[in-house]
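It should be emphasised that the depicted structure is a prediction, and the values quoted were computed from it without experimental measurement. In what follows, every heavy atom counts, from backbone to side chain, and hydrogens, waters and symmetry copies are set aside.
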Amino acid sequence: MTTLATGISVGLGALVVLLLALLVVRWRSDAKTDERVAEVVQGLNQRMDELGHELASALERAEEEGRRSRIFGELAGSIDLDEVLARALEAAAALDGADAGLVMLPDAQAGKPLVATLGLSVEEAERHAITGPPDGRLARTITMSYTYPEVELHAGNADVIHAGLAIPLPGESETLGYLTVFTRTPEHEFSDEDVRQLEALAMRAGPAIENARRFREARQLADLDALTGLHNRRFFHETLARECARAHRYERKLSLIVFDLDDFKEVNDRIGHLAGDAALAEAAERVRDVVRTADTACRVGGDEFAVILPESSLQDADQLYRRILQAVSSRPLGQAGKLYLSAGVAELRPEDDPVSFFQRADEALYRAKEAGKGQVVAAGAPRIGPA
């Protein structure tokens with residue numbers, strides 16, 4: 001790039017010298033040469049403009065290549081899966097016209113796919129997830145286009161997805177999933193150059209994602225609570241810190257539910273700790289069945305649980321709590337019988353750090369328990385009420 005810029009600069013300098021020489025010749029010549037000199041000067045001006053545009057284009061290409069090299073280096077330089085996915089999505093969303101990104105990695109062992117998003121709500125991600133052609137074949141690219149009735153667009157739904165482009169993420173032995181970008185701009189079409197750039201990104205991101213995923217799987221046993229199979233307290237605080245940083249960085253929503261089983265100490269005293277542990281494990285299984293793929297459910301101690309909800313509002317957290325309550329309390333938990341849940345819910349504020357965010361939700365939980373059984377309270381607000 002330096003050589004190219006130097007060459008163009010030298011060329012411009014030579015043209016300037018030649019132009020000055022021609023002006024001197026014109027001053028010394030008679031009027032018959034005026035027309036010829038004017039033509040030469042016009043040609044030189046045109047060439048100087050062309051060289052200027054070439055230099056600007058070369059600098060722009062160099063900046064883009066530098067940005068791309070930096071992103072590729074960052075992808076290869078991390079083994080944290082969430083960080084690798086976030087960087088891949090950030091790079092993908094830099095495509096012209098791209099407003100959002102999605103990565104979905106199927107997981108045969110866990111049963112639920114791993115989903116990472118940028119600029120999409122959880123509901124949008126679930127609706128627009130790409131798994132490949134219906135016959136199971138591997139596609140080089142998948143393009144999507146959506147057309148909506150005018151009445152829908154005029155009913156407050158103007159900010160909808162209009163088109164998408166999906167590229168497979170290559171792994172060592174099989175395709176990991178798809179990297180997809182979306183646009184909310186009507187009539188926008190992704191170009192062949194967009195396909196080429198997204199393919200180049202997928203080729204670098206695939207191995208980085210696979211390495212980070214293997215590292216996460218190696219740590220998974222240390223991250224799980226042995227009794228319930230949910231994530232443990234340490235993993236909860238690490239994930240909450242990471243999600244808080246991500247939400248602040250991209251100005252996205254983040255919510256938190258903290259809940260526990262009402263009167264569980266009395267249950268342990270009545271049926272014993274072994275039967276109580278069995279009830280906890282069954283409750284955790286029901287929680288796992290109703291949380292969304294993007295949520296992180298954890299046991300943070302004793303009979304206290306928490307769910308981290310990325311891209312979610314306080315109302316989303318309240319709705320999920322009610323689904324959890326229905327799942328856990330609709331039928332008996334072994335020898336413990338029917339148990340109810342009390343919960344505190346909170347939405348991340350600009351001034352929150354992970355500690356203050358958790359404390360606000362935890363304090364709301366204690367306010368809910370003071371109000372009675374099966375209650376939910378929003379942090380910083382009056383009690384929401386019974387489910």
Side-chain angles (χ1 to χ4, degrees), residues 80-82 85 104-116 122 126 177 212-243 255-265 267-268 271-310 312 316-317 319-345 354 358 361-362 365:
D80 180 88
L81 182 57
D82 291 329
L85 291 172
M104 192 181 79
L105 308 176
D107 191 335
Q109 295 181 347
K112 293 183 178 181
L114 174 64
V115 177
V122 173
E126 291 178 346
R213 191 175 187 176
R214 287 173 177 171
F215 180 75
R216 170 175 286 190
E217 290 171 353
R219 287 190 54 188
Q220 192 170 27
L221 288 177
D223 292 336
L224 294 181
D225 175 63
L227 174 63
T228 63
L230 299 179
H231 294 295
N232 58 26
R233 183 182 183 88
R234 179 184 59 79
F235 183 87
F236 165 75
H237 287 293
E238 289 178 354
T239 304
L240 186 64
R242 186 167 55 248
E243 290 295 339
S255 292
L256 177 65
I257 307 172
V258 179
F259 63 93
D260 68 8
L261 298 173
D262 292 327
D263 301 326
F264 193 70
K265 183 180 182 302
V267 172
N268 271 335
I271 65 175
H273 286 282
L274 288 179
D277 286 349
L280 275 178
E282 186 173 346
E285 181 64 29
R286 297 181 189 181
V287 170
R288 189 163 41 244
D289 287 341
V290 297
V291 296
R292 302 168 303 181
T293 57
D295 301 333
T296 302
C298 307
R299 182 190 183 195
V300 294
D303 63 319
E304 187 171 346
F305 301 85
V307 182
I308 302 170
L309 295 84
S312 300
D316 295 326
Q319 290 173 9
L320 178 58
Y321 159 73
R322 294 173 190 277
R323 291 201 300 271
I324 292 173
L325 178 63
Q326 173 64 22
V328 172
S329 304
S330 60
R331 60 187 189 276
L333 288 167
Q335 298 180 41
K338 283 191 177 183
L339 297 179
Y340 292 89
L341 309 175
S342 294
V345 295
F358 175 71
D362 203 41
L365 165 62

Would the distance check show the side chain of Ser312 and the main-chain N or O of Pro310 forming a donor-acceptor pair, the cut-off being under 3.5 Å?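 Looks like yes, one N/O pair under 3.5 Å.
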Using modelled atom types only, decide if a donor and an acceptor are shared between the side chain of Arg234 and the backbone of Ala222 within a distance under 3.5 Å. yes
Filter on side-chain hydrogen bond (donor to acceptor under 3.5 Å, both in side chains), then keep only pairs touching residues 328-339, sequence neighbours left out; what's left?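 Sorted pair list comes back empty.
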For the residue pair [X] and [Y], establish whether any side-chain heavy-atom pair is separated by less than 4.5 Å.
X	Y	result
Leu85	Leu114	yes
Val287	Phe259	yes
Thr239	His231	no
Pro113	Thr293	yes

Among residues at least two apart in sequence or on other chains, which ones pass salt bridge (Lys or Arg N to Asp or Glu O under 4.0 Å) with [X]?
X	value
Arg233	none
Asp362	none
Arg288	Glu285
Asp80	Arg242

When rounded to the nearest 0.5 angstrom, what is the spacing between [atom1] in [X] and [atom2] in [Y]?
X	Y	atom1	atom2	value
Leu81	Leu105	CG	CG	7.0 Å
Leu274	Asn268	CG	CG	9.5 Å
Leu230	Leu224	CG	CG	8.5 Å
Asp295	Leu320	CG	CG	5.5 Å
Lys265	Asp260	NZ	CG	14.0 Å

Could you work out, with ring-ring contact (aromatic ring centres under 6.0 Å, His included) as the rule, every residue matching Phe264, not counting sequence neighbours? none
Of all residues at least two apart in sequence or in a different chain, which pass the ring-ring contact (aromatic ring centres under 6.0 Å, His included) check with His273?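 His273: no ring-ring contact (aromatic ring centres under 6.0 Å, His included) contacts found.
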Who are the side-chain hydrogen bond (donor to acceptor under 3.5 Å, both in side chains) partners of Ser342, not counting sequence neighbours?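 Asp262.
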Please name all residues satisfying side-chain hydrogen bond (donor to acceptor under 3.5 Å, both in side chains) with Arg323, sequence neighbours left out, ordered by chain then number.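 Checked Arg323 against side-chain hydrogen bond (donor to acceptor under 3.5 Å, both in side chains); zero matches.
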So, using side-chain contact (heavy atoms from CB on, under 4.5 Å) as the criterion, who are the partners of Ala361 when residues are at least two apart? Leu256, Val258, Ala346
Would you sort out whether Arg292 and Val115 count as a side-chain contact (heavy atoms from CB on, under 4.5 Å), showing the intermediate values? CA-CA 10 Å; Arg292 302 168 303 181; Val115 177; over 6 Å; no
Using a strict 4.0 Å threshold on nitrogen-to-oxygen distance, state whether Asp82 and Arg216 make a salt bridge.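 Looking at Arg216 together with Asp82, the answer is yes, because their closest N to O distance falls below 4.0 Å.
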Scan residues 273-282 for pairs that pass salt bridge (Lys or Arg N to Asp or Glu O under 4.0 Å), counting only residues two or more places apart or in two chains.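 Checked against salt bridge (Lys or Arg N to Asp or Glu O under 4.0 Å) - neighbours excluded - the pairs reaching residues 273-282 are Glu282-Arg286.
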If I compare all heavy atoms of [X] with all of [Y], which pair ends up nearest, and what's the gap?
X	Y	result
Tyr321	Ile257	N-CD1, 3.8 Å
Val291	Ala297	CG1-CB, 4.3 Å
Cys298	Asn232	CB-O, 4.3 Å
Pro354	Ala241	CG-CA, 3.5 Å

Residues 299-308, side-chain donor-acceptor partners within the protein, below 3.5 Å, at least two apart:
{"from": "Arg299", "atom 1": "NE", "to": "Gly302", "atom 2": "O", "distance (Å)": "2.8"}
{"from": "Arg299", "atom 1": "NH1", "to": "Asp225", "atom 2": "OD1", "distance (Å)": "3.3"}
{"from": "Arg299", "atom 1": "NH1", "to": "Asp225", "atom 2": "OD2", "distance (Å)": "3.2"}
{"from": "Arg299", "atom 1": "NH2", "to": "Gly302", "atom 2": "O", "distance (Å)": "3.0"}
{"from": "Asp303", "atom 1": "OD2", "to": "Leu261", "atom 2": "N", "distance (Å)": "3.4"}

